[in-house]
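Here the structure comes first, spelled out in structure tokens, and everything after it is commentary.
Naming convention: chains lettered A, B, ... in sequence-line order (proteins, then strands); numbering from 1 in each chain.
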Amino acid sequence: MGDIMASKLFDNLNLQQAEAVRIVSGPVMAVAGAGSGKTRVLTNRVAYLIDEVGIPANRILAITFTNRAAEEMKSRVFKLIQLPLKGIWISTFHAMGAKILRNDIHHLGYENNFQIIDDDDTVIITKNILKELNYDPKQYNPKALSNLVEAAKADPIVLEIQTQPFKKVLGEVFEEYQAFLKKNNLVDFQDLLVLILKLFREFPEVLKKYQNWFEYILVDEFQDTNDLQYDIVHLLAQKHKNLFIVGDEDQSIYAFRGANIQNIRKFMRDFPDFHKIILNQNYRSKKTILDAANAVIKHNRNRIPKDLFSELGQGEKIIHYKAESDDEEAYYVYNRIKQFSKSGINYRDMAVLYRNNAMSRKFEDVLLKYNIPYKVIGNISFYKRKEIKDIISYLRLIVNRGDDYAFARVYNEPKRGIGQTSFEKISEYAKDHQMKIMECIEQGVEFLVGKSTAAKLQEFKTMIDQLYENIENVNLLVTYENLLTNSGYIGALQKEAATGDKMLEAERRIENIQEFKSIILEKIKEIDLSKNYDILVNILNELALRAEAEDLLENDEYVSLMTMHSAKGLEFKVVFLTCFEQTLFPSSQSLLERNDIEEERRLFYVGLTRAKEHVYITNSKARFMYGHYQSNPDSEFLGEIEEDLIDHQGIMKRQHAFSGMPSRESRSVNEPAVMPSYTPTRNQFAIGDKVKHITFGEGIVVMIDKDKATIAFKAEYGIKVLMKDHPSIQKV
DNA sequence: TACGACAATCTTTTT
DNA sequence: GATTGTCGTA
Ligand SMILES: Nc1ncnc2c1ncn2[C@@H]1O[C@H](COP(=O)(O)OP(=O)(O)OP(=O)(O)O)[C@@H](O)[C@H]1O
């Protein structure tokens, strides 16, 4: 059996790949270009460890970048060895963190039914704390502040390097934020890494347990790990030192989130006897595509050159299509999809990629209109919808009635006549007496908020209590239904849907809640636990980690729509890279910093190398965005592909921005002619120009109106709309 | 306390 | 454009 299996595991590998699978002892690093089989090697190595080396599946830890990649890897390994993978740890860092914390977080003084909050919650809590401390959220941007708080968790030096008075504010917010989370048994995304390290460092016996347990550790997409993740791997691998990493520096696209390319060097430093394997044959793309990708990435100064080759034939030229409008661009993409489908290519072999999620809209519209099956991948806006967040908060309140954050979200949703002032009174009382809001209500709160409000609060508490008490007696879906009915949530929506002007919105909400129910049903089916309570904790955990209950039907037929970031690791026969306009891709924010633009370029490289056979790059002369028609020059990246590899179609002549674009409303009619209070200059700007402002410093022009210019400045100032002829702006 | 009207603000990528 | 905040009114 072993031998047959062995040949199956090595059949489809070249020499270097086979070596990367076979050398199982000690540290191994495979640095390799796109499509060179890194993921395949990692998968086969896991299979080899289990099937040939005889390592129990649950002693292997394999880290992937996304939950989707984890699922994919599990199913591939299973296909290779046909053995149950019981207990195998194939997951993202964050999912692993959550799993370890569920077992061991009690050491740190949390309960193991802790809930994971997302980035939006982090900002909201930061803002609430600012207000509580009597700071003005307008003066101190809650988003920026929460970023610093998260950074400070990773490295407390962040608290020290600030200047007063900001240092004081940050310090206070930091303390309060940490305390709030702990008090409510909440953990944020960063905690999933930070607390693991804390646990490992402060409780050596816990570290030892995991160090001993994980005999083999494998990390995919190593180029995009951050410092905390490196430290975790470093600690875990200390005992057995069987650490296998694969990565490609040219595909590092998450520096904006703290990914540190230096981790590859740290690995070499900390595991000096590592074995290095280079994979340089690309098995995915036709030569034209690979040549184009190589040409593009050469524009980055900050990289080590490598020579990747393909033997899959020259293939066709890349097509660049420039449309008149965003609608036409989308229509063009639809048309190509239709043609490819006719010629026998499956929808699932085609992908439409773009820089940001908002850009999916036009493509969705046109595909919907012409009945092409499609799926928008990785867009989490569904989970950001009010009704979904509300329902999740209700579920969290059932899991932990001491979760004051969840309470705050839903106590008056739907309207129960419990107002903000009452809530604040109880909140303050609770805080002063070290109690939870629900405990206060239990005790009686008439003396704080009056009789009728107190009764309403009591009623609310009883409703939640009953759902909790019955949770093991009825199916979880029944609890879900009861929650919707008993809370009055669905009733209020139905009432809205039957009357008045908010009909459509209410109907949509009801539909979303139904859809959410089916998502929960999917998850219930997947989770093999006996207690409903535990299942619910598990479901909330997965929802928080954004692990989509993917119906992994292999022959699902749909075109994939996603960001280039989400496409990392995937491959398609036909790839459409869309919205290739300066300030969209590369994004306006990235144009300021050389490092940022290099990361954007790597993103382009990732996009290109997803394609096996055909690449289409599209853009448009004008598009409707942020409430305006906007006209951007072609992306500078377009010019980085050698001309003999690309064919330009559509509007050929480069036209000056805004020529022939009628302005939508003639704004001069109602606007009084105000004399400027400054001496106007004769500044003439074009989109993409670099400028310097007296107070905001360097910036880049992203949009031009009749008299105003929209300029993106460094992050601390952001995007500003300024008078074009103001003397404070200078072209550089 | 609830809600409508209007103003202001923000628009990258994700675990 | 979409969402969030603010203010006045019932
Ligand atoms: N030795 C091989 N022979 C034939 N095909 C191979 C071989 N190795 C890998 N492939 C195929 O090449 C493609 C790319 O492999 P894989 O996804 O593992 O590459 P990768 O290095 O992880 O890519 P990327 O970093 O771009 O995501 C896959 O379709 C894979 O099946």
Study note, to complete from the structure: S587(A) has its side chain closest, among dG1(C), dT12(B), dT4(C), to dT12(B)
Exercise for review: Measure the distance from CD on Q420(A) to P on dT4(C) and round it to the nearest whole Å.
Suggested key: 15 Å
Review point. Does the pair E640(A)/R601(A) count as a salt bridge with the N-to-O cut at 4.0 Å?
Key: yes
Review point. Just how far, in rounded Å, is P of dG5(C) from NZ of K131(A)?
Key: 6 Å
Exercise for review: Calculate the interatomic distance between Q139(A) atom CD and dT9(B) atom P; express it in whole Å.
Suggested key: 14 Å
Review point. Is it true that K38(A) and D220(A) have a side-chain N and a carboxylate O under 4.0 angstrom from each other?
Key: no
Check your understanding: Atom CZ of F423(A) and atom P of dT1(B): how far apart are they, to the nearest Å?
Key -> 13 Å
Point to revise | Value in whole Å for how far the C1' atom of dT1(B) lies from CG of L457(A) | key: 14 Å
Practice item. Could you tell me whether K523(A) and E526(A) make a salt bridge, using a distance below 4.0 angstrom between a side-chain N and a carboxylate O? Key: no
Check your understanding: If you look at every heavy atom in I388(A) and F382(A), which pair is closest and at what distance?
Key -> CG1-O, 3.4 Å
Point to revise | Proximal nucleotide (of dA2(B), dG5(C), dT12(B)) relative to the K415(A) side chain | key: dA2(B)
Study note, to complete from the structure: Rounded to whole Å, the CZ-P distance (R361(A) to dT11(B)) equals 18 Å
Review point. Is R385(A) salt-bridged to D390(A), going by a charged N under 4.0 Å from an acidic O?
Key: no
Check your understanding: Can a cation-pi geometry be assigned to K389(A) and Y383(A), taking NZ or CZ under 6.0 Å from the six-membered ring centre and within 45° of the ring axis?
Key -> no
Check your understanding: Between dT12(B) atom P and N632(A) atom CG, what is the distance in whole Å?
Key -> 14 Å
Using the 3.5 Å cut-off, write out each protein N or O paired with an N or O of nucleotides 13-15 of chain B and the distance between them.
from    : atom 1 : to      : atom 2 : distance (Å)
dT13(B) : OP1    : N357(A) : N      : 2.9
dT13(B) : OP1    : N357(A) : ND2    : 3.2
dT13(B) : O4'    : R355(A) : NH1    : 3.0
dT13(B) : O2     : R355(A) : NH2    : 2.9
dT13(B) : O2     : H565(A) : NE2    : 3.4
dT14(B) : OP1    : T563(A) : OG1    : 3.1
dT14(B) : OP1    : S566(A) : OG     : 3.3
dT14(B) : OP2    : N357(A) : ND2    : 3.2
dT14(B) : O2     : R257(A) : NH1    : 3.1
dT15(B) : O4'    : R257(A) : NH1    : 3.4
dT15(B) : O3'    : T92(A)  : OG1    : 3.2
dT15(B) : O2     : H94(A)  : NE2    : 3.2
dT15(B) : O4     : D119(A) : OD2    : 2.4

**Study point:** Gap between atoms NZ and C1', on K568(A) and dT12(B) respectively (whole Å)
**Key:** 16 Å
Point to revise | Residues that Y230(A) engages under ring pair (Phe, Tyr, Trp, His ring centres under 6.0 Å), provided they are two or more places apart | key: H234(A)
Exercise for review: Could you measure between the two C1' atoms, the one in dT4(C) and the one in dT13(B), and give it in whole Å?
Suggested key: 23 Å
